[in-house]
Chemist: 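If you scroll down you'll find the structure; I have some questions about it.
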Amino acid sequence: MQKIEKISAAAFPVAVRDGVVLVDFFAQWHGPCHKQNDVLNALADEDRFPAQVKITRIDIDEAPVIAAKFEVDIVPTLVVFRDGEEIERLVGTSDAEDVMELFNQPE
């Protein structure tokens, strides 16, 4: 089972710098973000994410500069980073199949 780590704005650059990282941009007050979190937790509990993927979440209200830098205007937004560069994105609540498709893209 993979753990989903909540990260701060200060930790963000280091968190996404190396490897493949899924970042869930969310807002605590937003109902659909809770649904997205449930989907991610279920996938993590079932060990469905590729082993090399680190799963994180960042609250846009606690990290507005990071959200603005990556043009996150709608939550939830899932962004996949590879070695610090954005490679994929899903905007809005996504189901398990859509989330897993993020990792089935050609390199």
Side-chain angles (χ1 to χ4, degrees):
M1 175 175 83
Q2 287 180 296
K3 182 180 183 302
I4 299 175
E5 178 185 1
K6 184 178 175 195
I7 57 174
S8 66
F12 182 87
V14 173
V16 301
R17 180 177 54 203
D18 297 316
V20 179
V21 183
L22 172 65
V23 179
D24 173 18
F25 287 88
F26 76 100
Q28 191 64 42
W29 50 265
H30 193 245
C33 290
H34 292 280
K35 286 184 178 184
Q36 187 67 75
N37 189 48
D38 291 344
V39 169
L40 295 176
N41 280 320
L43 289 170
D45 287 347
E46 296 168 10
D47 284 332
R48 290 189 50 197
F49 286 106
Q52 75 275 14
V53 175
K54 179 179 174 184
I55 311 154
T56 64
R57 26 188 355 245
I58 190 164
D59 189 326
I60 63 163
D61 292 325
E62 295 174 5
V65 173
I66 300 291
K69 178 179 179 179
F70 291 97
E71 300 177 353
V72 175
D73 298 323
I74 297 171
V75 288
T77 293
L78 301 177
V79 180
V80 179
F81 293 88
R82 181 181 295 124
D83 298 327
E85 298 294 323
E86 179 179 337
I87 60 169
E88 292 289 338
R89 177 182 289 232
L90 284 174
V91 178
T93 307
S94 303
D95 62 22
E97 290 73 28
D98 289 338
V99 173
M100 294 311 299
E101 188 62 29
L102 289 170
F103 305 103
N104 293 328
Q105 304 297 322
E107 297 271 332

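We number each residue from 1, following the sequence as shown. All of these numbers come straight from a predicted model, not from anything done at the bench.
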Chemist: Grab the two heavy atoms, one from I60 and one from A67, that are nearest each other, plus how far apart they are.
Modeler: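 Taking I60 first and A67 second, the nearest heavy atoms are CG2-CB, 3.8 Å.
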Chemist: Decide whether I74 and F26 are clustered together by the hydrophobic rule: side chain heavy atoms of Ile, Leu, Val, Met, Phe, Trp, Tyr closer than 4.5 Å, transitively.
Modeler: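 In one cluster with I74: F26, no.
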Chemist: How far apart are the closest heavy atoms of S94 and D98, and which atoms are they?
Modeler: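 Between these two residues, the closest heavy atoms are CB-CB, 4.0 Å.
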Chemist: Once rounded to the nearest 0.5 Å, what's the spacing between atom SG of C33 and atom CZ of R57?
Modeler: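 Going from SG on C33 over to CZ on R57, the span is 7.5 Å.
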Chemist: Hydrophobic clustering (ILVMFWY, side-chain heavy atoms < 4.5 Å, transitive) - are L40 and V79 grouped together?
Modeler: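 No; tracing contacts between hydrophobic side chains, which count when under 4.5 Å, never links both residues.
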Chemist: Got a sec, which residues hit ring-ring contact (aromatic ring centres under 6.0 Å, His included) with F12, two or more places apart in sequence or on another chain?
Modeler: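 Listed in chain order: F70, F81.
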Chemist: Taking N41 for its side chain and N37 for its backbone only, find out whether a donor-acceptor pair lies under 3.5 Å.
Modeler: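 Answer holds: yes.
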Chemist: Do L43 and M100 come within less than 4.5 Å of each other through their side chains, counting heavy atoms only?
Modeler: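 Counting from C-beta outward, L43 and M100 do come under 4.5 Å.
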Chemist: Is I4 reachable from V99 through a run of I, L, V, M, F, W or Y residues, each pair having side-chain heavy atoms under 4.5 Å apart?
Modeler: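 Yes; tracing contacts between hydrophobic side chains, which count when under 4.5 Å, links both residues.
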Chemist: Do L102 and V91 belong together in a cluster built from hydrophobic side chains that touch within less than 4.5 Å?
Modeler: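 Cluster IDs for L102 and V91 differ.
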Chemist: Taking all non-hydrogen atoms of both residues, which atom of T77 and which atom of R89 are closest, and how far apart?
Modeler: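 For T77 and R89, the tightest heavy-atom pair comes out as CG2-CG, 4.0 Å.
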Chemist: Just how far is it from atom CG of L90 to atom CD of Q36, taken to the nearest 0.5 Å?
Modeler: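 Atom-to-atom, L90:CG and Q36:CD are 8.0 Å apart.
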Chemist: Ignoring hydrogens and angles, tell me if any N or O in the side chain of D24 forms a donor-acceptor pair with the backbone of L78 under 3.5 Å.
Modeler: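 Not a single qualifying donor-acceptor pair exists.
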Chemist: For E86, I'd like to know if atom CD has over 12 heavy atoms of other residues, nucleotides or ligands within 6.0 Å.
Modeler: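 Counting neighbours around CD of E86, more than 12 heavy atoms of other residues, nucleotides or ligands fall under 6.0 Å, so yes.
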Chemist: Is there a path of hydrophobic side-chain contacts, each under 4.5 Å between heavy atoms of I, L, V, M, F, W or Y residues, that connects V20 with L22?
Modeler: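 Same cluster.
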Chemist: If you look at every heavy atom in A15 and V21, which pair is closest and at what distance?
Modeler: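 Between these two residues, the closest heavy atoms are O-CG2, 3.2 Å.
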Chemist: To the nearest 0.5 angstrom, please state how far the OG1 atom of T93 sits from the NZ atom of K35.
Modeler: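 Between T93 OG1 and K35 NZ, I get 7.0 Å after rounding to 0.5 Å.
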Chemist: Give me the atom names and distance for the closest heavy-atom approach of A27 to D59.
Modeler: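 Where A27 meets D59 most closely, the heavy atoms are CA-OD1, 4.0 Å.
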Chemist: Answer yes when K6 and E62 have at least one side-chain N-carboxylate O distance shorter than 4.0 Å, and no when they do not.
Modeler: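 Result for this pair is yes, salt bridge flagged.
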Chemist: Please say which of I7, V72, V16 ends up in a side-chain contact (heavy atoms from CB on, under 4.5 Å) with I58.
Modeler: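 The side-chain contact (heavy atoms from CB on, under 4.5 Å) with I58 is passed solely by I7 among I7, V72, V16.
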Chemist: Taking atom CD of E5 and atom NZ of K54, what is their separation to the nearest 0.5 Å?
Modeler: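 E5 CD to K54 NZ: 4.5 Å, rounded to 0.5 Å.
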Chemist: Please answer whether the main-chain N or O of W29 pairs with a side-chain N or O of H34 as donor and acceptor at a distance below 3.5 Å.
Modeler: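 Here the side-chain-to-backbone pair does not exist.
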Chemist: In this structure, are over 12 heavy atoms from other groups packed under 6.0 Å from Q52 atom CD?
Modeler: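 Yes, because the 6.0 Å sphere around CD of Q52 holds more than 12 heavy atoms from other groups.
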